[in-house]
Amino acid sequence: MEQILHNRRAIVLLMGPALLVYSGVVLLPIVWSLVYTFFEGNVIGGFHFVGLQNYRQLLSDAAFWQALVFTLKYAVTVTAGQIMLGLLLALLYVFYLRRASALVRTLVFFPVVLPTVAVAQLFAKIFAIAPQYGLVNAGLALLHLDGWIQAWLGQGSTAFWVLALMDIWRAMGFYAVLLYAGLVEIPAELIEAARVDGASGLRLVWHVILPLLLPILLSALIFSINGTLKVFDSILALTGGGPGQATTPLTLYMFNTAFSYGQYGYGSTLAMALAVLSLMVTIVIFGSARRDVA
Amino acid sequence: MMRSDVAARSSRPAPAPVFTRVARWSPRSRSQRQPRRRRLSWLRRLPVRLLLLLLLTIEIYPLIWLLLSSFKEDAEFSLRPLWALPAGLHWQNYVEAWTTGNIGLYFLNSVLTVFPALALILALSVPAGFALEVMRWRGRNLVLLLFLAGIMVPLQILLLPLFTIYFHLDLIDTRWALIITYTGFGLPLTVFLMAGYFKAIPRELLEAAILDGAGLVQLFLRVAVPLVSNGLVTVALVQFFFLWNDLLFSLTFISNDQLRTIQTGLLNFTGQYGQVAWGPTFAAVSLAVFPTLLLYLLLNQRVIKGLTAGALKG
């Protein structure tokens, strides 16, 4: 029996193809990308070595810092919204809906599977001002709140909130299900004991449920922040990064640098900065969690 | 929503006792024991019910509005309130989106790239998962870790090297560029989840099969794969949604309008017509949204389980 499971040729045959394709499409490009950060040029014009030039450019590039600030602001806002609303929904499912919650869970979850471009188009029409008012502006006109009518997607400040709203709308049901799965795992005896000790409502949630939910809350947090730091589809499809540069995240700035201006070296440096950023954020969250537990 | 209940019951027998456990310490079960308090409790629950109504409106109304708007003539948008019902079923919008707007072609392109990629992902990752969890060899953990690393990497890092490779292989503006990329990109999560499913098979079962004289091929095809077939479908479904909704790769590797997938096609379509022709735009968006929605409604419990499993592992 041991012989069968130790069969080397079989292992190579089973594992080899997947490992080969994965190495070619994912692992090799990661290394290659790192090499690109020391070069300048593109596939058509050729490349030449520039040393640390790209990294120096990164530090003095105002557009990079603007994109970085936008990315962080966006990631923090959207992650906070996704996790907090997800948690509230999960508590709602467990404490108020209970057995009836399957239907609500299913309905609130569904925007996750919808194509981003389609959702963005829908939101573009909801917040439109020209050629005619969208749902929001038309609603404001109906309520005679004419002062509030504005080009929601035409100004950086409001476009930010429309984008955040869209991504929270899309994903809160997802996090609700994730946290719900964690909530139903909490042993009933623990909660019963806390009740007997006089904890209820908010105090029960804060002192008993949240600490018990911490591991899954952390997973959700890391997943969410990693997704929002890499936001691309929603922004490209809804605002295209505009007006001007106002809603351009790192991903979109990298894409434009590489493919509109043909700067592969600097584009790779931006991509690397993004990878380092998400790695750092993940490590920081893990680290702070360990301190909390200890 | 009977279906979802049935699906939940058949695919997830475990949570049932959990619900009853929850019910024991919930406030409502206590008030049920005291009938006099029932009316009071109904009133107390009113805010929650209103909240629920608001929640469902926020989730569902945009889609209803989308569907209704897709049947309106362009003039209706400016002449009548936006929330009014359409004056008639203006199917012309769909015809226009499908033919002039090329949505039909984009749809076909998506099918022709996503499904071959899905088949390849499964063909590669099922044996790999088997090798990782059933076979015995040194370096298994390292390989598993290598796949795990790929789940977290930002896609942007892959774009330029891949573009360079495809450029030199003359694969830019071909479906192969997408099929290959989708396959490689779908592998880490799928391999990881498949390994988990194989791990869940009781060891004794496999040992018994080997003692009964099963060879490796039989062990893999006749014993192990049938046991993970449920997980296989879930994984395929999850990858389907990821790939079908891909925008970045398609945007990067395809510029020929004849080869655009549904996402880039829709982006292009709304860029060209979106500002003025609202009717056909809504029809095009509906065409992109409702097939995925239908698939989700049919298989929702499985989709939810699969997608959240991906998050927790990753």
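Below, read A as the first sequence line, B as the second, and so on, with proteins coming before strands; counting in each chain starts at 1.
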Q: Examine the side chains of A/Y36 and B/T164 and answer whether a donor and an acceptor come within less than 3.5 Å of each other.
A: yes

**Q.** Distance-minimising heavy-atom pair for B/L160 and A/M254
**A.** CD1-CE, 3.8 Å

Q | Among the listed options A/L270, A/I30, A/L34, A/N226, the residue most often paired with chain B at heavy-atom distances under 4.5 Å | A | A/I30

Q | Smallest separation among heavy atoms of B/P62 and A/I126, with atom names | A | CB-CD1, 4.3 Å

**Q.** A/Y22 side-chain N/O to B/L146 backbone N/O, donor-acceptor pair under 3.5 Å
**A.** yes

Q.
A quick test of your reading: do over 12 heavy atoms of other residues, nucleotides or ligands sit less than 6.0 Å from CZ of B/F242?
A. no

Q. After noting the C-alpha distance and the side-chain angles of A/F255 and B/L251, does the key distance pass the side chain to side chain contact (heavy atoms under 4.5 Å, CB included) rule?
A. CA-CA 10 Å; A/F255 190 85; B/L251 198 65; 3.8 Å; yes

Q: Please report the C-alpha distance between B/L55 and A/L89 in whole Å, then the side-chain angles of each, then the deciding distance to 0.1 Å, and finally whether the side chain to side chain contact (heavy atoms under 4.5 Å, CB included) criterion is met.
A: CA-CA 10 Å; B/L55 180 70; A/L89 285 170; 3.4 Å; yes

Q. When only pairs under 4.5 Å are counted, which of B/L248, B/I180, B/L66, B/T181 shares the most heavy-atom pairs with chain A?
A. B/L248

Q.
So if I take each residue of residues 111-118 of chain A and look for any heavy atom under 4.5 Å from a heavy atom in chain B, which residues do I end up with?
A. A/P111, A/V112, A/V113, A/L114, A/P115, A/V117, A/A118

Q | Heavy-atom closest pair, residues B/T281 and A/Q121 | A | CG2-OE1, 3.8 Å

Q. Which pair of heavy atoms, one from A/M15 and one from B/F147, lies closest together, and at what distance?
A. CE-CE1, 3.5 Å

Q.
Could you report the tightest heavy-atom contact between B/G150 and A/V26, atom names first, then the distance?
A. CA-CG1, 4.4 Å

Q.
Testing the basics here: between A/V25 and B/F185, what is the closest heavy-atom pair and its distance to 0.1 Å?
A. CG1-N, 4.4 Å

Q) For the candidates B/T292, B/T264, B/L158, which exhibits the highest count of non-hydrogen atom pairs separated by less than 4.5 Å from chain A? A) B/L158

Q) With no hydrogens and no angle check, is any side-chain donor or acceptor of A/W169 less than 3.5 Å from a backbone partner on B/I58? A) yes

